[in-house]
Amino acid sequence: MTKSEANPFKIAQQQLDNVAMRLNLKKGIHEFLRNPRRELSVNFPVRMDSGEIKVFTGYRVQHNQARGPCKGGIRYHWNVSLDEVRALAMWMTWKCAVVNIPYGGAKGGVICNPKEMSERELERLTRRFTTEISIIIGPERDIPAPDVYTNAQTMAWIMDTYSSIKGYSVPGVVTGKPIHIGGSLGRNEATARGCMFTIREALKHFDHKVIPPEKWQPECEIGEIEGDICDGDEGTGYKIDNATVAIQGFGNAGSISAALLSAKGAKIIAVSDSKGGVANKEGLNIPQLIEHKSKTGSVIGFEGANDNLESKGVLELECDVLVPAALENQITDENADNVKAKIVAEAANGPTTPEADKILHEKNIFLIPDILANAGGVTVSYFEWVQGLQQFFWSERDVNVQLREIMTKAFHEVLDISLKEEVDMRTGAYMVAVRRVADAIMHRGIFP
Ligand code: NAD
């Protein structure tokens, strides 16, 4: 399957099918999990700044809620399609299950080009879309969060609109909110930080350091944590501070991964965004690059780089760790053979097609699958929701410590099953996740 033919929903179904047999899943449960439980398509008008009325199409898809309320981001992008949202909703179900947080999966999207819209137009679009989907979202039902080209401000508009409909403040309807209206410290960095924790464990594994189950919990005590993360990787040859890293995508997931990894001593040798890529074998200065991107809107033209690349060129560079952090279907059967990284950490959702997966596996590339590598975002979203329900807010250090514990445990649970069953990490992650969801369905029973 080439990139242009790849349908993310078919891929998601295929990934489920691959593990259903291994898990001996009942036929009916398998069938139930192959499709979303509920889908809402909406067409709605928005008044543009010019006075013109434009009609937009959006979706909210709830894949499964056996383990708890549905959870998943909202994406604004010109390529949004119902099948893409279906796939992303299914991946959310597995993601919440693999890190064992009590949520099901959902996703939303609006077909639009946010880059060509003003702030006021985006606000009107968000508020109207919220009204349209308000019939199925809510703090106990389905809780949106930011995704591609949506952010904390978008969440604030959704919360305010939903609260206006209800007549009282409902902060728990979204996560990823600004801090002063109930957002969690550490949420903005959580996807990248969680990804970094999985990379750290993968580097230890790559160094053939076998970690026994009793050590899956990070070794150091909370009191030993300085600043925002724990070191805890003494004694390994492959350490973050020895690693060379290439990153595709320089938004929330990509740029913060770059910042966190480089702060830990990794050499970020190349990054790209939708306009192109920049490279420097000696390592890019990430704080300066972030400043450059915020001034110019792109990484291209950065003075600290000594080479320019196409957006996808970063995927094929020689490096220890490759972090796809842009969109789905970036590593396909057309370029997988050219990937030279030792570890691929999927910060993006669905960046690798199943055909490419096989090629990477045959090349002995260690892949940390999306549902594990980028689960830090939804994990801290869960912390935000818990803090909001309790009206008791944690310190950033507490958030990061809990995140590290969950990510490290999940990584080793997946690694353990993948070693025992002799399967790749993606299959291992699906086996852990699908088993948990199927067990929840069976325990709840089929109504009536
Ligand atoms: P974002 O909008 O902040 O950034 C997206 C980045 O990708 C931008 O820099 C954009 O220029 C770049 N990009 C777009 N098309 C590209 C292309 N063809 N080549 C190279 N770069 C390209 O979005 P984000 O929140 O960072 O999300 C990125 C990925 O991570 C998505 O797959 C998303 O679903 C996933 N993800 C994000 C979170 C989160 O908390 N933000 C959580 C889990 C998963």
Side-chain angles (χ1 to χ4, degrees), residues 3 8 71-80 84-85 87-89 91-92 94-96 98-99 105 107-109 113-115 122 144-155 174-177 183-184 186-195 198 246-259 270-278 289-290 292-294 296-300 309-316 322-332 335 345-352 368-382 384 403 407:
K3 183 187 169 217
K71 188 85 190 78
I74 289 180
R75 172 176 294 198
Y76 290 170
H77 198 272
W78 47 97
N79 280 340
V80 163
E84 181 187 63
V85 179
L88 291 162
W91 288 327
M92 283 306 300
W94 312 140
K95 193 179 299 182
C96 295
V98 87
V99 286
K107 202 81 182 189
N113 187 346
K115 292 183 177 189
L122 283 170
D147 192 67
V148 176
Y149 296 136
T150 56
N151 54 28
Q153 177 60 73
T154 323
M155 296 306 113
V174 283
T175 59
K177 298 180 289 291
S184 176
R187 172 61 186 90
N188 191 43
E189 300 81 13
T191 301
R193 179 166 282 121
C195 187
T198 64
I247 301 178
Q248 185 201 35
F250 208 64
N252 176 282
S255 71
I256 300 176
S257 291
V271 304
S272 70
D273 60 22
S274 57
K275 298 195 176 120
V278 288
L289 182 55
I290 289 174
H292 172 84
K293 167 125 185 166
S294 84
T296 65
S298 172
V299 296
I300 55 175
L309 299 159
E310 287 188 13
S311 289
K312 289 185 79 172
V314 289
L315 302 172
E316 302 183 7
L322 170 64
V323 184
L327 295 171
E328 56 267 27
N329 296 335
Q330 297 303 301
I331 307 179
T332 68
N335 59 359
E346 294 183 328
N349 284 310
T352 313
I368 313 170
D370 49 4
I371 60 169
L372 175 63
N374 69 33
V378 74
T379 301
V380 176
S381 273
Y382 165 60
E384 179 178 330
L403 172 65
M407 295 304 297

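In listed order, ligands and their atoms are each counted from 1.
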Inset, instruction - Would you check whether Pro146 reaches within less than 4.0 Å of ligand 1, judged by its heavy atoms? - result: no
Legend entry - From the candidates Ser274, Ala145, Ala373, Ala325, the one that places a heavy atom nearest atom 14 (C) of ligand 1: Ser274
Legend entry - Heavy atom of Lys293, distance to ligand 1 below 4.0 Å: yes
Inset, instruction - Say whether Arg187 and ligand 1 are in contact under the criterion: heavy-atom distance to a ligand atom below 4.0 Å. - result: yes
Inset, instruction - May I ask you to identify, for Thr191, whether its side chain, its backbone, both or neither come under 4.0 Å of ligand 1 on a heavy-atom basis? - result: side chain
Legend entry - Nearest protein heavy atom with distance in Å, relative to atom 9 (O) of ligand 1: Phe250 N, 3.0 Å
Inset, instruction - Could you tell me whether Pro351 approaches ligand 1 through its side chain, its backbone, both or neither, with non-hydrogen atoms closer than 4.0 Å? - result: neither
Legend entry - ligand 1 versus Glu346: contacting region, heavy-atom distance under 4.0 Å: neither
Inset, instruction - Report the part of Gln248 in contact with ligand 1, treating N, CA, C, O as backbone and CB onward as side chain, heavy atoms under 4.0 Å; options are side chain, backbone, both, neither. - result: side chain
Inset, instruction - Please write down residue, atom name and distance for the protein heavy atom closest to atom 25 (O) of ligand 1. - result: Asn252 CB, 3.8 Å
Legend entry - From Gly72, Pro114, Ser298, Gly251 - option closest to atom 8 (C) of ligand 1 by heavy atom: Gly251
Inset, instruction - Please work out which of Asn374, Thr175, Val148, Val380 has its closest non-hydrogen atom nearest to atom 43 (C) of ligand 1. - result: Asn374
Inset, instruction - Output yes when the distance from some N or O of ligand 1 to some N or O of Arg75 is under 3.5 Å, and no in every other case. - result: yes
Inset, instruction - Name the closest protein heavy atom to atom 33 (C) of ligand 1, giving the residue it belongs to and the distance to 0.1 Å. - result: Asp147 OD1, 3.4 Å
Legend entry - Closest approach of Lys115 to Ser274 (non-hydrogen atoms, all atoms of both residues): NZ-OG, 3.2 Å
Inset, instruction - Please indicate whether any nitrogen or oxygen in Gly377 is less than 3.5 Å from any nitrogen or oxygen in ligand 1. - result: no
Inset, instruction - Report the nearest protein non-hydrogen atom to atom 2 (O) of ligand 1: residue, atom name, distance rounded to 0.1 Å. - result: Tyr149 N, 3.1 Å
Inset, instruction - Return the set of residues passing side chain to side chain donor-acceptor pair (under 3.5 Å) with Ser184 (not counting sequence neighbours), or none when no residue passes. - result: Gln387
Inset, instruction - Taking only heavy atoms of Ala347 into account, list the atoms of ligand 1 that are under 4.0 Å away from them. - result: 30 (O), 35 (C), 36 (N), 44 (C)
